[in-house]
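Note that these values count all heavy atoms, side chains included, but never hydrogens, waters or copies made by symmetry. Convention: sequence-line order gives letters A, B, ...; per-chain numbering from 1.
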Amino acid sequence: MEFLNDLNERQLEAVKHTEGPLLVLAGAGSGKTRVITVRIAYLIAKEIAQPHEILAVTFTNKAAGEMRERVNAILKGRKLISAPLISTFHSLCVRILRRDIEALEEGYTRSFTIYDTDDSMKVIKACIKDLGLDPKQLAPRQVLSAISASKNRGEDHEMFASRSDGYNEKRASIARVFKMYEERLARANALDFDDLLIKTVKLLRKVRDVRDKYNGRYRYILVDEYQDTNPLQFALVKYLTEKQQNICVVGDDAQSIYGFRMADIRNILDFEQHFPNAKTVLLEQNYRSTQTILDVADAVIKNNLGRKEKKLWTENRGGDRVFYYQAFDGDSEARFVAEKIYDQRRMNPRDKVAVLYRTNAQSRVFEEALRKMRIDYNIVGGFSFYERAEVKDVIAYLKLALNPDDDVALSRVINTPPRGLGKTSLDEIARITSKRGTSTWETILAITDDNYEGKIGLTPRALNSLKGFREIIETLRGKVKRYEDSDRPVSNVVAAAIENTGYADSLRRENSDEADNRLQNLEELVNAAVDYDSQDDNGLRDFIDHAALTSDTDKFDRSADVTLMTVHAAKGLEFSTVFIVGLEDGIFPHARSINDAQELEEERRLAYVAITRAEKTLFVTHSTRRRVYGEEMAAEPSQFLNEMPLEMIEDLTRGNSWLSFARSDAVKENIYAAKALRGETEKPKARSTYSGKTYDSKEAVAEFFKNRGSGSAETPSEKKGPSGIEKLKEFASKDRKPAPEPPKGKFLPGVHVKHSKYGRGLVLRREGSGDNVKLTVSFPGYGQKKLIEKYANLEPA
DNA sequence: AAGTAAATTTTTTTT
DNA sequence: AAATTTACTT
C-alpha cells in the first residue's frame, strides 16, 4: 500500500481510524482532500469495504469530480467491480428521491421536476401577484430568501406562519406566499433546491424501510467541508450513519463561509457531542504556502472571537513579503494586476495565477485589462452555459416532456417561439387554471378537448395555437418514450426539442448574428447530449438533473494559467500567485455584512480563505475610487488590510499610499495613532461590533486624505501643493473624459464632514441638485448614512 | 400581439 | 454600467 507513504503521522492516523466517528480538523492546505481520498482508497485496498459501500459527500460537483479523479489515480491498476459513490449533497438526495420519494406519500412521483432558483423566483412572483400583494413592498427576492432560510431551519409553512401571527404584517404576508408557493410546487410535482434535502430527510425519518436500506447500503460515509453543513444536511448525515456510525467528517471552522446558506459552524464545533466516542485528529502542518502567507492569514483571522485555536506551520521557508498596491481607480487597479500577471507569466510560465474578488460584478474590469494585454484567462462564475436563455428554453421543453405539470417550464415555452399566445390569452388560461385548481397542462388538455363544456374566453385563433402547442408537447413526449431504449436516448430527444418545436426555425428566420450565436449554443447542447449518451447509460432524466444541479463554479479548469473568480469559488483551490483585489471597505468586507458582528467575522474568514489560496506570492490591492452602480464613489481601504502585519507588506504603489502613510514617521511617533492603524486600540467589547475604519478613529490618521499632498497613487511624488483630493480631481480631468464640473464649495465625494450626532465622516457619494442633494456618508462606528444635504447641517471637517 | 423606448433596479457569496 | 421591468407605439 505504497500510497500511504507520503502521508504524515497525523494524516495516517486519520486514514487508519476506519471504525467509528472521526473528526478531522484540517487547516488550510494541510492535505484535507488527500486524507479523504487516501482513506477511501485504503478502505477499498484493505478490503474493509466494497467500493459501493462507501459514500463521500461534497458541496460542489467540482470537489466531487476531483475526489473521484484522485481516488481513481491512487487505485489505478486495480480491477474494481464497483465504484464508491462520490456525490454532492444535492445529487445524493436526487438519487434517493428518484427511487423512493413515492414512499413519502405526499403526492410526489418519481418523475418530479427540480426547480432552480430562477424557477422558484418565478413561482414566488406569481404568488405575490395572485395574492394581490404589492411586489414593491414585498420584494420577491426577500420573500424567496426568507422562505429558503425558514426551510433550511427545518420549518414548513405552518411553522413559519405560527411564528409570525399577529402584528408583523410583512411576515404574515410572507407566510401566505410561502403556503401558496408550496401548494404550487406540489401541484407541479416540483422540488426546489431546499426541498431536495427536506424531502430526503423526511423520507429517512418517516419511512423505516427506506432508512434501513440506505443505512445498510453505505457502510462508510465521508463528508468534506463539514463546517459548511446546515441543519438539514446534518440531519441527513445523522440518519444515514445511524446504524454503523462510521462517519468521517473533514473541515476547518476558520473556513466556514456559507452562513448565508444557513450553514452552522456548531455542526463541526460540537461534533464530539453529536457523535459520542468520536476521535479527533488535528492537521496543522501546511504544505501549500510560505510562512509569510500563513503569518498574514493568521494575523487576520486572530481578530475573530470564538474559534478553535489552531496554528498552522510549514517547513517552507519564509518567502516574499506580501505585495501591496493602491490604485487610483478600478481601471488602474485592473491594469496593475494585468501588468503584474504579464511579468509573472514571463518569469514563471508554469505557475498558475488567480485573481480573487468578493463579488462577480467586479470581474469585468479585470477581463478587459487582461484582454488588452492579450493574456488568456479563464473565468469561473457569472454566466453559466445552462443559464443562457436558449438553453433554458430547450431544457424547459425537455422538462415538460418528462413532467407536463411543470408550470414554470410550461409558461417559459408556451409562447416561445411566438405562437400568437400573448398576455391576454395566457391570463385567460391562468384564470381557468386557478378556478380548476389543477396544473396548467391539465387545463390545456381540458379546454382543447372538443367536448369541453365551460366558458373559454379565447379567440378561435388562440385556441387553435394552443392545440398546436399541445400537439408539440405530446409529440415530444412520444419521442422520449420511443427513444428510451435506443442507444441515443438523450441526444435524439434534445435534437427533437430544438427542431420539432419550431424553436430552431424561429431563430433561423431571424437571420441575425445574435440568433446564429444562439443556434451555435444549441448545437453545443446537442453535443453535450451526444457525450452524455456515449458515456453513461443514464437517460434524459439524468441529463436534465445534471443541468439543474451543475453550477458555474464547477467549470474551473485546473490547467488554465490565469483564473478569475470569487473568493467563495476559490475555496479548496491553490495557486502559485494570488491577487486579492478590491480590498475596500464596503466591498470586502461587503457593505451588507459590515454592521453585524457575526457576518463581519464570516467576511474575515472569507479573507482568510483568500489569503491561504496562495502558495508563493500574494498581491493585495485596493483603489481610492470605485464605481458602484455606475457612479464613482470614494473608497477606503479594507479593515482587513489594517489587520495584516505592516512589516510583512511591500508597497508597490508609485507615490504615497495609505500604507506608506500608515508607516510614516509622523504616525509612528504617535504611538496611539499607530496602534489605531493596526486596530489595537479598540476596547475588547467594541471589537467585534466595531464597523468603522480603524485608522479613522484617530484624528491624525484621518488627515490622511488631506495630507498626502504628493498626489494620488499614480502620480509620481511632487512637492507639497494642493490637497490630495484636488490632485485627484486634477488627475481625473487629465486622464479621462472630462467629468462634469461639480458645484464648488460643496460636500463632494472624498471630503470629510462633521455631523452633530455621528461626528466625523467621509462623503462617499452625492446625488441630485439644489435642495434635493442627497449625500451618502460613511461614519466610523455608525456605518453608511444617507442624508439630505439641506437638513443634515453638515460642516466641513 | 409584438416590438421598442423609457424607467427602474441591481451586487453579496451558491447547491 | 448593465440588466430587467414597465410603458408606449405600431
Side-chain angles (χ1 to χ4, degrees), chain A residues 57-64 87-94 114-118 120-121 125 129 135-136 139-141 144-145 148 151-152 191-198 225 228-230 232-233 256-263 330-331 356-365 368 380-384 386-387 389 415-427 459 461-462 465 506 510 545-554 565-571 582 586-594 596 599 602-603 605-607 609-610 626-632:
Chain A
V57 194
T58 64
F59 277 84
T60 64
N61 295 295
K62 176 179 74 190
S87 158
T88 65
F89 272 105
H90 288 83
S91 332
L92 172 68
C93 290
V94 171
I114 302 168
Y115 275 3
D116 64 20
T117 314
D118 231 51
S120 297
M121 184 65 93
K125 280 182 182 161
K129 190 173 149 230
K136 291 258 151 60
R141 262 185 80 75
L144 183 60
S145 72
S148 176
K151 282 181 156 192
N152 277 296
L191 300 175
D192 66 19
F193 282 149
D194 301 324
D195 288 334
L196 295 176
L197 286 159
I198 292 171
E225 306 282 14
D228 289 330
T229 50
N230 68 23
L232 287 170
Q233 287 152 343
S256 162
I257 54 173
Y258 285 102
F260 67 94
R261 234 163 59 188
M262 294 290 115
D331 289 331
L356 307 182
Y357 34 78
R358 182 57 183 58
T359 64
N360 279 307
Q362 290 168 256
S363 70
R364 230 195 70 235
V365 274
E368 280 167 12
V380 176
F383 277 127
S384 125
Y386 291 106
E387 274 173 273
N415 200 33
T416 319
R419 320 190 148 80
L421 291 165
K423 196 173 180 309
T424 329
S425 311
L426 295 183
D427 281 349
T459 61
R461 232 177 85 185
S465 297
S506 150
E510 246 184 71
D545 285 350
H546 175 78
L549 294 175
T550 199
S551 76
D552 30 14
T553 48
D554 293 328
M565 64 182 132
T566 63
V567 182
H568 281 90
K571 190 163 77 157
I587 293 185
F588 196 176
H590 195 274
R592 289 179 125 93
S593 307
I594 253 166
D596 181 289
E599 289 178 45
E602 180 152 315
E603 296 283 318
R605 290 194 291 270
L606 198 54
V609 168
R626 172 82 51 196
R627 253 208 183 78
V628 182
Y629 296 151
E631 243 184 316
E632 287 273 347

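Qualifying side-chain hydrogen bond (donor to acceptor under 3.5 Å, both in side chains) partners for A:Y357, counting only residues two or more places apart in sequence or in other chains: none. In this view, A:S256 and A:Q227, A:D228, A:I265, A:R605 satisfy the side chain to side chain contact (heavy atoms under 4.5 Å, CB included) rule, not counting sequence neighbours. The side chain to side chain contact (heavy atoms under 4.5 Å, CB included) test applied to A:A569 returns A:V380, A:T553, A:M565, A:T566, not counting sequence neighbours. Remark: A:A64 pairs with A:T58, A:R68, A:I86 by the side chain to side chain contact (heavy atoms under 4.5 Å, CB included) rule, at least two apart or across chains. Residues passing the side chain to side chain contact (heavy atoms under 4.5 Å, CB included) test with A:S145, sequence neighbours excluded: none.
Atom pair A:L144:CG and B:dT15:P shows a separation of 16 Å (rounding to whole Å applied). The interatomic distance linking A:R364 (CZ) with C:dA2 (P) rounds to 5 Å, in whole Å. Between A:E368 atom CD and C:dA2 atom C1' the separation is 12 Å, expressed in whole Å. Atom CZ of A:F89 is separated from atom P of B:dT14 by 18 Å (rounded to the nearest Å). Distance CE (A:M121) to C1' (B:dT15): 16 Å, rounded to an integer number of Å. The nearest whole Å value for the distance from the CD atom in A:E225 to the P atom in B:dT14 is 14 Å. Whole-Å rounding puts the A:D118 CG to C:dA3 P distance at 15 Å. Put simply, CG on A:N61 is 8 Å from P on B:dT15, counting in whole angstrom units.
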Working for side-chain contact (heavy atoms from CB on, under 4.5 Å), residues A:E632 and A:R626 | CA-CA 5 Å; A:E632 287 273 347; A:R626 172 82 51 196; over 6 Å; no
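Checking the phosphate oxygens (OP1, OP2) of B:dA1, a side-chain nitrogen or oxygen of A:S425 falls inside 4.0 Å. Contact annotation: A:R627 side-chain N/O to C:dA1 OP1/OP2 distance is under 4.0 Å.
Nucleotides C:dT4 and B:dT13 are separated by 14 Å at their P atoms, to the nearest Å.
Residue order along DNA chain B, read from the 5' end via each residue's closest nucleotide, puts A:T424 first among A:R261 and A:T424. When each of A:A462 and A:L197 is assigned the nucleotide of DNA chain B bearing its nearest heavy atom, the one mapping closer to the 5' terminus is A:A462.
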Can you tabulate the close N/O pairs, meaning under 3.5 Å, that link protein atoms to atoms of nucleotides 2-12 of chain B?
residue: B:dA2; atom: OP2; partner: A:N415; partner atom: ND2; Å: 3.4
residue: B:dT11; atom: OP2; partner: A:R141; partner atom: NH1; Å: 3.4
residue: B:dT11; atom: O3'; partner: A:R592; partner atom: NH1; Å: 3.1
residue: B:dT12; atom: OP1; partner: A:R592; partner atom: NE; Å: 3.2
residue: B:dT12; atom: OP1; partner: A:R592; partner atom: NH1; Å: 2.5
residue: B:dT12; atom: OP1; partner: A:R592; partner atom: NH2; Å: 2.7
residue: B:dT12; atom: OP2; partner: A:R592; partner atom: NE; Å: 3.1
residue: B:dT12; atom: OP2; partner: A:R592; partner atom: NH1; Å: 3.2
residue: B:dT12; atom: O2; partner: A:R358; partner atom: NH1; Å: 2.5
residue: B:dT12; atom: O2; partner: A:R358; partner atom: NH2; Å: 2.2

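A donor and an acceptor atom, one from each side chain of A:S120 and A:T117, are nowhere located under 3.5 Å apart.
Using a 4.0 Å heavy-atom cutoff across all strands shown, A:K571 reaches no nucleic acid atom at all.
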